[in-house]
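Below is one structure, written out as structure tokens, with a few remarks after it.
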Amino acid sequence: MTDHHFIKQLTSIVGGKFVHTSASATARFRKGWRSGEGEAEAAVEPGNLVELWRILQACVEHDRVIIMQAANTGLTEGSAPNGEYDRPVVVISTLRLNKIHLLDEGRQIVSHPGGTLFKLEKLLEPYGRQPHSVIGSSCIGASIMGGVCNNSGGALVRRGPVYTELSVYAQKRNDGSLVLVNHLGMDLGNEPEEILGRLDRGEISDADFQPTDKRASDDSYADRVRDVDANTPARFNADPRTLHEASGCAGKLAVFAVRLDTFPLETGEKVYYVGTNSTADLSALRRRLLTEMDPLPISAEYLHRDIFDIARVYGKDTLLLIHWLGTDALPAIFKLKGQMDGVFDRIPILPKNLIDRTMQLVTRVVPEALPKRMLQYRERFEHHLILKVSAGQSAQTEAILNDVPGKDGWFLCDAAEAKKALLHRFAAAGAAARYGAVHPGKVEDILALDIALRRNDEEWFEELPEEIERDILIKLYYGHFLCHVFHQDYAIRKGADPKAVKNKMLELLDRRGAEYPAEHNVGHLYAAKPQLAAFYEELDPTNSFNPGIGKTSKQQRRPEAPPVVLAENDSSTDSQTRGGAVT
């Protein structure tokens with residue numbers, strides 16, 4: 001039930017236009033991008049950081065569950081409500097909070113919660129810099145903050161998970177109080193609204209910087225991924241190396257700003273398309289690329305023939321929209337789609353997923369989107385690799401490719417082929433969901449696994465036992481090959497039990513020494529391992545932010561229950577509470 005006094009309080013903070021309470025108005029905030037949904041008393045869209053702080057104060061005062069949501073492009077249901085809770089739920093959408101501040105001529109940035117990778121790419125371009133992730137390794141409209149909070153990795157081999165130890169966040173402490181913590185490494189004042197007001201106004205100067213040895217990127221990842229004989233994965237969500245306050249918090253904190261490194265912009269890159277029918281050849285190629293090339297390749301994206309085919313049909317509209325319109329228009333298009341889905345899904349006479357079905361029908365009459373040489377490789381080869389290297393690495397790359405695999409197994413893409421190849425890989429990420437949406441009579445559910453294999457695992461291509469295979473219509477394998485991070489999507493046949501299939505899959509992965517999820521946080525699809533669950537409890541001792549994440553309890557923890565403490569908060573200055581702010 002809606003508490004009208006509480007809703008009135010939210011409305012007084014942000015205005016009626018940005019407080020949503022009806023089922024149709026909140027639908028796009030309550031549903032995950034791929035799957036998962038739950039109920040919410042309200043969805044609220046603050047317009048600045050001070051408004052966000054006041055909304056949080058109201059939610060704490062009225063004992064609401066708080067779900068922080070940015071672009072809602074996660075793959076594991078972790079940024080939307082899920083099922084039932086013991087308290088009313090408020091979703092706080094941060095997309096209006098899209099300011100990004102450039103520091104030190106673009107060498108670092110400070111992003112508000114709604115700042116997107118695409119906006120940042122444009123801001124950095126005049127400085128010859130680029131963000132941690134770029135198109136091909138991120139979702140359409142994906143937020144910078146979402147990447148930090150979810151330990152996102154992406155396609156770029158040299159950079160590893162997005163990571164920072166520099167942030168400003170709100171935390172509900174064990175005594176029930178809400179405090180603002182400034183670990184941004186910048187002197188922005190003492191009171192919460194003073195700190196946040198300065199960030200809102202962009203009042204940041206070099207004089208505000210404090211000496212700090214905190215990191216703003218995972219600067220040791222390149223050495224880690226090169227260790228091809230290591231018996232552990234290169235990166236995964238629960239890796240203690242990359243769990244620090246905002247980084248990996250999965251919505252257990254309300255993060256207002258993060259400070260991140262940027263990277264030199266690559267120009268003149270070369271893209272090679274590699275095909276083979278031998279997984280051993282690809283393993284040998286991976287070893288040589290990682291141990292012989294300096295710097296590392298920029299990216300190496302794997303596609304199996306089956307996902308090539310599914311993406312060709314069910315990701316065609318995504319590929320063509322980006323090809324025709326660029327990335328600027330797409331966040332608005334996907335937002336409109338979410339709003340229309342919310343309306344049409346509530347009309348009983350209309351089929352579910354009407355927009356997906358309509359878009360799929362339209363793409364049938366659109367000419368072939370993929371280049372001829374890619375289609376020829378699809379006929380010849382089961383395994384495909386899209387390899388991108390720096391401009392000066394052509395000779396070394398081609399020398400390696402001429403050894404492994406054979407000379408007829410690769411070609412250098414021209415500009416048009418390179419763009420289409422990378423967009424095809426990008427579109428693969430949503431193709432399985434579209435397949436399930438337009439074939440509800442055949443598909444019980446889409447099981448999406450996000451796994452990190454051991455760095456020394458030569459048997460990386462999965463072979464399933466018959467007891468699992470019989471319940472699967474299609475198996476779709478793609479991923480970040482040099483990092484040994486794979487996305488494995490399965491269309492479960494109608495009538496089969498997706499949970500039972502998943503449990504059997506995870507047992508196999510455990511025996512293989514894999515970690516999961518690799519880069520999209522546990523969400524509501526995976527159980528958090530004990531160390532990760534303890535990290536969440538340390539951040540959120542009362543279980544008020546995103547309860548149930550990692551299949552943990554959704555029940556409120558009372559103030560008298562002491563939290564698990566892994567370590568004292570790390571700060572570049574002495575920590576002390578000043579009127580609700582910790583600096």
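Ion pairing between Arg226 and Asp294 holds under the 4.0 Å rule for side-chain N and carboxylate O. A salt bridge does not link Glu245 with Lys214: none of the charged nitrogens is closer than 4.0 Å to a carboxylate oxygen. Salt bridge status for Lys17 with Glu45: absent, with no side-chain N to carboxylate O gap under 4.0 Å. Taking a cutoff of 4.0 Å between a charged side-chain nitrogen and a carboxylate oxygen, Lys529 and Glu515 qualify as a salt bridge.
Residues Arg425 and Ile386 come closest through the heavy atom pair CB-CD1, 3.9 Å. Across every non-hydrogen atom of Ala234 and Cys483, the tightest pair is CB-O, 4.0 Å. Smallest separation of non-hydrogen atoms from Thr164 and Ala216: OG1-CA, 3.7 Å. Heavy atoms only, all atoms of each residue included: Asp208 and Glu203 are closest at OD2-O, 3.8 Å. Ala533 approaches Thr552 most closely through the heavy-atom pair CB-CG2, 4.3 Å. Across all their heavy atoms, Gly153 and Ser133 have their closest contact at O-OG, 4.3 Å.
Listed for the Arg454 side chain is no donor-acceptor partner under 3.5 Å among the backbone atoms of Asn231. Without hydrogens or angle criteria, Arg286 side chain to Val228 main chain gives no donor-acceptor distance under 3.5 Å. Under a 3.5 Å cut-off, the side chain of Thr262 and the backbone N or O of Gly106 do form a donor-acceptor pair. With hydrogens and angles disregarded, no donor-acceptor distance shorter than 3.5 Å links the side chain of Lys388 to the backbone of Val271. Distance alone, capped at 3.5 Å, is enough to place a donor-acceptor pair between the Asp450 side chain and the Ala518 backbone. Asn543 places a side-chain N or O within 3.5 Å of a backbone atom of Ser553 that can act as its donor or acceptor partner. Between the side chain of Thr76 and the backbone N or O of Asn521 there is at least one donor-acceptor pair closer than 3.5 Å. Side chain of Asp540 to main chain of Ser544: a donor-acceptor pair is present (N/O by atom type, distance under 3.5 Å, no hydrogens or angles). Within the 3.5 Å criterion, the main-chain N or O of Gly38 finds a donor-acceptor partner in the side chain of Arg30. Remark: side-chain polar atoms of Asp200 are paired, donor with acceptor, to backbone N or O of Leu49 under 3.5 angstrom.
By the 30° and 60° cut-offs, the orientation of the rings of Phe6 relative to His62 is tilted. Note on ring orientation: taking the six-membered ring where Trp is involved, the planes of Phe481 and Phe486 are perpendicular (angle over 60°, cut-offs 30° and 60°). Between His183 and Tyr169, the ring planes are perpendicular. Angles over 60° get that label, and only those under 30° would be called parallel.
Taken to the nearest 0.5 Å, the CG atom of Leu199 stands 11.0 Å off from the CD atom of Glu194. We find the CZ-NZ distance between Arg201 and Lys99 to be 9.0 Å, quoted to the nearest 0.5 Å. One distance of note links CG of Asn82 with NZ of Lys31; it measures 13.5 Å at 0.5 Å rounding. Interatomic distance, OG of Ser143 versus NZ of Lys119, reported as 12.5 Å (0.5 Å rounding). The CG atom of Leu387 sits 7.0 Å away from atom CE of Met293, with the distance rounded to the nearest 0.5 Å. In this structure, CD1 in Ile298 is found 8.5 Å from CZ in Arg159, a value given to the nearest 0.5 Å.
Between Glu519 and His487, the side chains place a donor N or O and an acceptor N or O closer than 3.5 Å (distance only, hydrogens not considered). Using modelled atom types and a 3.5 Å distance limit, the side chains of Thr212 and Arg259 yield no donor-acceptor pair. Asn150 and Ser152 share no side-chain donor-acceptor pair at under 3.5 Å. Between the side chains of Ser390 and Glu266, a donor-acceptor pair is found at a separation under 3.5 Å. One side chain, Asp510 or Tyr516, offers a donor N or O that lies under 3.5 Å from an acceptor on the other. Side chains of Tyr478 and Asp489: a donor on one and an acceptor on the other come within 3.5 Å.
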Inset, instruction - Show the numbers, then the answer: is there a side chain to side chain contact (heavy atoms under 4.5 Å, CB included) between Ile109 and Leu124? - result: CA-CA 9 Å; Ile109 62 102; Leu124 290 175; 4.2 Å; yes
Inset, instruction - Would you sort out whether Ile67 and Tyr85 count as a side chain to side chain contact (heavy atoms under 4.5 Å, CB included), showing the intermediate values? - result: CA-CA 12 Å; Ile67 297 181; Tyr85 298 80; 3.9 Å; yes
Inset, instruction - Given side chain to side chain contact (heavy atoms under 4.5 Å, CB included), test Arg455 with Thr232 step by step and report yes or no. - result: CA-CA 6 Å; Arg455 283 167 281 176; Thr232 56; 2.6 Å; yes
Legend entry - Verdict with supporting geometry, Met68 and Thr94, side chain to side chain contact (heavy atoms under 4.5 Å, CB included): CA-CA 7 Å; Met68 302 296 299; Thr94 62; 3.8 Å; yes
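Asp218 pairs with exactly one of Arg241, His132, Arg224 by the side-chain hydrogen bond (donor to acceptor under 3.5 Å, both in side chains) rule, that one being Arg241. Tested against Gln69 for a side-chain contact (heavy atoms from CB on, under 4.5 Å), the candidates Ile92, Asn546, Val91 yield a single pass: Val91. Partner of Ile144 under the side-chain contact (heavy atoms from CB on, under 4.5 Å) criterion, out of Val110, Thr116, Val162, Ile100: Ile100 alone.
A heavy-atom distance below 4.5 Å is found between the side chains of Val522 and Tyr536. Using a 4.5 Å heavy-atom threshold, the side chains of Gln9 and Arg54 count as separate. Put simply, the side chain of Phe18 reaches to within 4.5 Å of the side chain of Arg96, judged on heavy atoms. The closest side-chain heavy-atom distance from Gln555 to Pro547 is not below 4.5 Å. Between Leu56 and Phe256 there is a side-chain heavy-atom pair separated by less than 4.5 Å. For the pair Val14/Val44, a side-chain contact is recorded, criterion being any heavy-atom separation below 4.5 Å from C-beta on. Put simply, the side chain of His112 does not reach to within 4.5 Å of the side chain of Met145, judged on heavy atoms. Side-chain contact between Pro81 and Glu37 is absent, with no heavy atoms from C-beta onward closer than 4.5 Å.
Taking the side-chain contact (heavy atoms from CB on, under 4.5 Å) definition, one finds that Leu243 meets it with Asn151, Leu532, Phe535, sequence neighbours left out.
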